[in-house]
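Report on one structure; see the data block that follows.
Chain naming here is simple, since letters A, B, ... match the order of the sequence lines and numbering starts at 1 in each. Everything numeric in this text was worked out from a predicted model, so none of it was measured.
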Number of protein chains: 2
Amino acid sequence: MVEGVEPPKRRRNRAAREREMLEAAERIFGERGYQGTSMDDVAAEVGVSKPLIYQYYGSKDGLFLACLARLRAQLLETVSDAVMAATDAEDALYAGFVAWFQFLDDHPQAWSVLIDEGMLSTNPAAGPAAAATDEVRAAFIELISAMVRMNLPPGRTADNDEIEIIAQSISGATERLAIWRSRVPAPPTPEKVARTLQDLLWQGLQTLSTA
Amino acid sequence: MVEGVEPPKRRRNRAAREREMLEAAERIFGERGYQGTSMDDVAAEVGVSKPLIYQYYGSKDGLFLACLARLRAQLLETVSDAVMAATDAEDALYAGFVAWFQFLDDHPQAWSVLIDEGMLSTNPAAGPAAAATDEVRAAFIELISAMVRMNLPPGRTADNDEIEIIAQSISGATERLAIWRSRVPAPPTPEKVARTLQDLLWQGLQTLSTA
DNA sequence: GACAACAACTTACTCCCAGTAAGTTACTCG
DNA sequence: CGAGTAACTTACTGGGAGTAAGTTGTTGTC
């Protein structure tokens, strides 16, 4: 029997298939968003039937969260590293901002996965990725709070409400700026944005420390 | 035939029904979010069949947008009024913040309508209310930009990028703070939050004006 | 090499919900 | 009263999430 090519391998082991699915899902979610993507789409892309995805990832949310996980870790690590590498508080803030905006420039597709239904979803009941994105946010807020606290003079007792308010503000500002940059035709460079934000906030932060 | 009460009026005119539908929709969206609400739910609540809602509002998005419209107008007006009533720039900023947080405290249900899938949706393709919420945001950003510009010394040529960055930051900060306040058990008062935010930003804003 | 046992995979559904076509019932005005 | 229209309903389509139950390939064992 003349067979031009060997028949394509149908069966793969679980790990390999999971990887395939994840890659396809990342791409399709990135292109069409969460709502715009159906499980059948992903299944077709992988060349597999839908229930198999359910068997491996449990639900559409599960698949989406899996897509986010890598991303999340990378993003957090990138920014944390930049902050930790800085020599003083002022530089740490600036470096963190730059790392944040730069990362999102470097991973536009990943970013759109995060944004769509994720960044936006604030209500845990609303979105699937809401919880996951909230975790990222919480981690950043923790990071910012820590930076603010460390910048406080030794003797001063921090007003926790104030620190929380400031951390939330900075987190909100950076998120909105990221979204804005991703949608405007010619966004300013990460450095420019970071610089401006730094200028806007730094003096106020100093004042807090000495009030 | 003994009829205890007169048979309930079934038929109403269009305007009255539209109002009924809008009220029901506002309540249900407020409770269960956009995704969690089905058109059948709303129809049942009003005591009417689903197609009637479609006849009047066109689509689920249409209904949701109608809910947002009032809210939107009120919110914008409240904050604008507060800003306009202020005597100087510093007070205008503070008054605007207070008005914003206060309004959201006073309309928690309305607020949750705005947040859920609305505030969050940044991608036009993602959500239905995305466009509407973006309009609110755009209006605020315009307002903030104007305030910043007016606070500039007469001779200075403004760097438009910087002003945009600042306006986006402030908008993002206030949004995030509002969401945070709505979810934390004992949020600080509007005045406290406004004060802290004011302290954080004011000096930076002054610096921009004289840089 | 045969076969048991498990892992990989599929077919063929269910249910839920947005949206619609086509018809029916009550009100109103001449 | 009857005609015309506004208000309303029943009964459907289509699509997508999720699932029950079965089938087929692979692998290790004698």
Nearest-Å distance for atom pair OH/P, residues A:Tyr57 and D:dT19: 17 Å
Touch class at under 4.0 angstrom, heavy-atom based, for A:Ser49 against every strand present: base
Euclidean distance, atom CG of residue B:Leu52 to atom P of C:dA26 [Å, nearest integer]: 15 Å
Residue-phosphate contact under 4.0 Å: B:Arg11 side-chain N/O, C:dT25 OP1/OP2: no
Basic-acidic side-chain contact under 4.0 Å: B:Asp134, A:Arg183: yes
Modelled atom types, side-chain donor and acceptor of A:Tyr34 and A:Asp61, under 3.5 Å: yes
Gap between atoms CZ and C1', on A:Arg32 and D:dG15 respectively (whole Å): 15 Å
Distance, rounded to the nearest Å, where A:Asn13 contributes CG and C:dC6 contributes C1': 14 Å
4.5 Å side-chain heavy-atom contact, B:Val148 and B:Glu162: no
Polar side-chain contact B:Lys50-C:dG19 base: donor and acceptor under 3.5 Å: yes
D:dT19 phosphate, OP1 or OP2, under 4.0 Å from A:Tyr54 side-chain N/O: no
Check: B:Phe140 ring centroid to B:Trp100 ring centroid under 6.0 Å: yes
Under 4.0 angstrom between A:Arg17 side-chain N/O and C:dA8 OP1 or OP2: no
d(CD, B:Gln55; P, D:dC8) in whole Å: 9 Å
Interatomic distance where CG belongs to A:Asp41 and P belongs to D:dA17 [whole Å]: 8 Å
d(CG, B:Asp61; C1', C:dG19) in whole Å: 12 Å
B:Lys60 side chain, from C-beta outward: closest of C:dG19, C:dC17, D:dC8: C:dG19
Options D:dA7, C:dT10, C:dC9, nucleotide nearest the side-chain atoms of A:Pro51: C:dT10
